[in-house]
*Asks:* 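Below: one structure in structure tokens.
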Amino acid sequence: QVELVDIGGGSVEVGGSLILSCTISRDTYPPGTGGGAWFRQVPGKQREGVAGIDEYGSIRYGDSVKGRFTISQVKDKTTLYLQMTRLKAEDTAMYYCAASQRRWRLLSSVPSPDAFAYWGQGTQVTVSS
């Protein structure tokens with residue numbers, strides 16, 4: 001059983017910052033399954049990969065957030081963070097963290113949402129001018 005709880009969303013002005021966190025609770029911890037990813041979604045659009053980090057520390061970002069967002073995880077891999085700076089109106093979305101119980105590694109980009117079986121409930125980020 002894997003449970004994810006993501007928090008930290010809110011309303012900020014353009015140029016502001018937020019930090020999202022995702023607590024991951026697992027009954028078992030198979031090797032290679034650490035890390036996770038952040039996605040975001042607005043109504044009527046597909047879920048977009050924002051950032052991913054695997055158990056080995058590899059990191060990838062979506063093109064729209066490179067240089068502004070930073071993903072990290074605590075050493076025991078129970079919590080993911082997404083530090084968001086220089087927020088833009090187009091960053092407004094519901095943000096979700098995701099994790100897997102299958103061994104995985106980051107390749108050239110944030111994986112497809114299909115790669116993850118476990119999801120947080122989502123936290124809303126609203127950026128206004």
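Computed from heavy atoms alone, side chains included, the values below leave out hydrogens, waters and symmetry copies.
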*Asks:* Working to the nearest 0.5 Å, report the span between OG of Ser72 and CD1 of Ile53.
*Replies:*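 Reported to 0.5 Å precision, the distance equals 6.5 Å.
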*Asks:* Show the numbers, then the answer: is there a side-chain contact (heavy atoms from CB on, under 4.5 Å) between Gln121 and Leu4?
*Replies:* CA-CA 8 Å; Gln121 79 284 2; Leu4 284 74; over 6 Å; no
*Asks:* Are side-chain heavy atoms of Thr78 and Thr23 found at a separation under 4.5 Å?
*Replies:* no
*Asks:* Which atom pair, heavy atoms only, marks the closest approach of Pro111 to Trp104?
*Replies:* CG-CZ3, 3.9 Å
*Asks:* Can a donor-acceptor pair be found, under 3.5 Å and without considering hydrogens, that links the side chain of Arg102 to the backbone of Gly32?
*Replies:*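 Checking the backbone N and O of Gly32 against the side chain of Arg102, no donor-acceptor pair under 3.5 Å is found.
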*Asks:* Just one of Val127, Val50, Leu20 clears the side chain to side chain contact (heavy atoms under 4.5 Å, CB included) bar with Met84, so which one?
*Replies:* Leu20
*Asks:* Do any N or O atoms from the side chain of Trp38 and from the backbone of Leu80 form a donor-acceptor pair under 3.5 angstrom?
*Replies:* no
*Asks:* Taking all heavy atoms of Ala99 and all of Gly35, pick out the closest pair and write down the distance.
*Replies:*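 Reported closest heavy-atom pair: CB-O, 4.3 Å.
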*Asks:* Please check if atom CD in Gln1 has more than 12 non-hydrogen atoms from other residues, nucleotides or ligands closer than 6.0 Å.
*Replies:*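 Not more than 12 within 6.0 Å, no.
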*Asks:* For the residue pair Thr92 and Gln124, establish whether any side-chain heavy-atom pair is separated by less than 4.5 Å.
*Replies:*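 Sidechains of Gln124 and Thr92: in contact.
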*Asks:* Working to the nearest 0.5 Å, report the span between OH of Tyr29 and CG of Asp27.
*Replies:* 14.5 Å
*Asks:* Got a second to check how far Gln41's CD is from Tyr95's OH, nearest 0.5 Å?
*Replies:*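 Separation between the atoms: 12.0 Å.
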*Asks:* Does the side-chain contact (heavy atoms from CB on, under 4.5 Å) test come out yes or no for Tyr96 and Thr123, once each step is laid out?
*Replies:* CA-CA 7 Å; Tyr96 300 88; Thr123 184; over 6 Å; no
*Asks:* Could you report the tightest heavy-atom contact between Leu106 and Ser58, atom names first, then the distance?
*Replies:* CD1-O, 3.0 Å
*Asks:* Taking the side chain from Asp6 and the backbone from Gly122, do they hold a donor-acceptor pair closer than 3.5 Å?
*Replies:* yes
*Asks:* For a quick check under 3.5 Å, do Arg26 and Gln101 share a side-chain donor-acceptor pair by atom type?
*Replies:*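 Indeed, the side chains of Arg26 and Gln101 share at least one donor-acceptor pair under 3.5 Å.
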*Asks:* When rounded to the nearest 0.5 angstrom, what is the spacing between OG in Ser109 and CZ in Arg60?
*Replies:*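 Between atom OG of Ser109 and atom CZ of Arg60 there are 8.5 Å.
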*Asks:* Checking Thr85 side chain against Arg68 main chain: does a donor-acceptor pair fall under 3.5 Å?
*Replies:* yes
*Asks:* Say whether Met94 and Val12 are linked into one hydrophobic cluster, either directly or through other cluster members, by side-chain heavy-atom distances under 4.5 angstrom.
*Replies:* no
*Asks:* Determine whether Tyr81 and Val74 satisfy the following criterion, side-chain contact (heavy atoms from CB on, under 4.5 Å), listing intermediate values before the conclusion.
*Replies:* CA-CA 8 Å; Tyr81 295 100; Val74 296; 3.5 Å; yes
*Asks:* Is Asp91 paired with Lys88 through a side-chain N to carboxylate O contact shorter than 4.0 Å?
*Replies:* no
*Asks:* So, does Thr33 use its side chain to make a donor-acceptor pair with the main chain of Arg103 at under 3.5 Å?
*Replies:*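 No.
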*Asks:* Rounded to the nearest 0.5 Å, how far does OG of Ser17 lie from CZ of Phe69?
*Replies:* 9.5 Å
*Asks:* If I take atom CD1 from residue Ile19 and atom CG from residue Leu82, how far apart are they, to the nearest 0.5 angstrom?
*Replies:* 9.5 Å
*Asks:* Can you name the nearest heavy-atom pair linking Gly49 to Phe39, along with the distance?
*Replies:* CA-CD2, 3.5 Å
*Asks:* Under 3.5 Å, is there a donor-acceptor pair linking the side chains of Glu48 and Ser64?
*Replies:*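 Their side chains do contain a donor-acceptor pair, which is all the 3.5 Å distance test asks for.
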*Asks:* So which atom in Phe116 and which in Trp119 form the shortest heavy-atom distance, rounded to 0.1 Å?
*Replies:* O-NE1, 3.1 Å
*Asks:* Which heavy atom in Tyr61 sits nearest to a heavy atom in Ala51, and how many Å separate them?
*Replies:*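 Reported closest heavy-atom pair: CD2-CB, 3.6 Å.
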*Asks:* Run the side-chain contact (heavy atoms from CB on, under 4.5 Å) check on Leu87 and Leu18 step by step: do they pass?
*Replies:* CA-CA 8 Å; Leu87 283 160; Leu18 281 173; 4.3 Å; yes
*Asks:* Verify, without hydrogens or angle tests, whether Arg40 (side chain) and Ala93 (backbone) share a donor-acceptor contact under 3.5 angstrom.
*Replies:* no
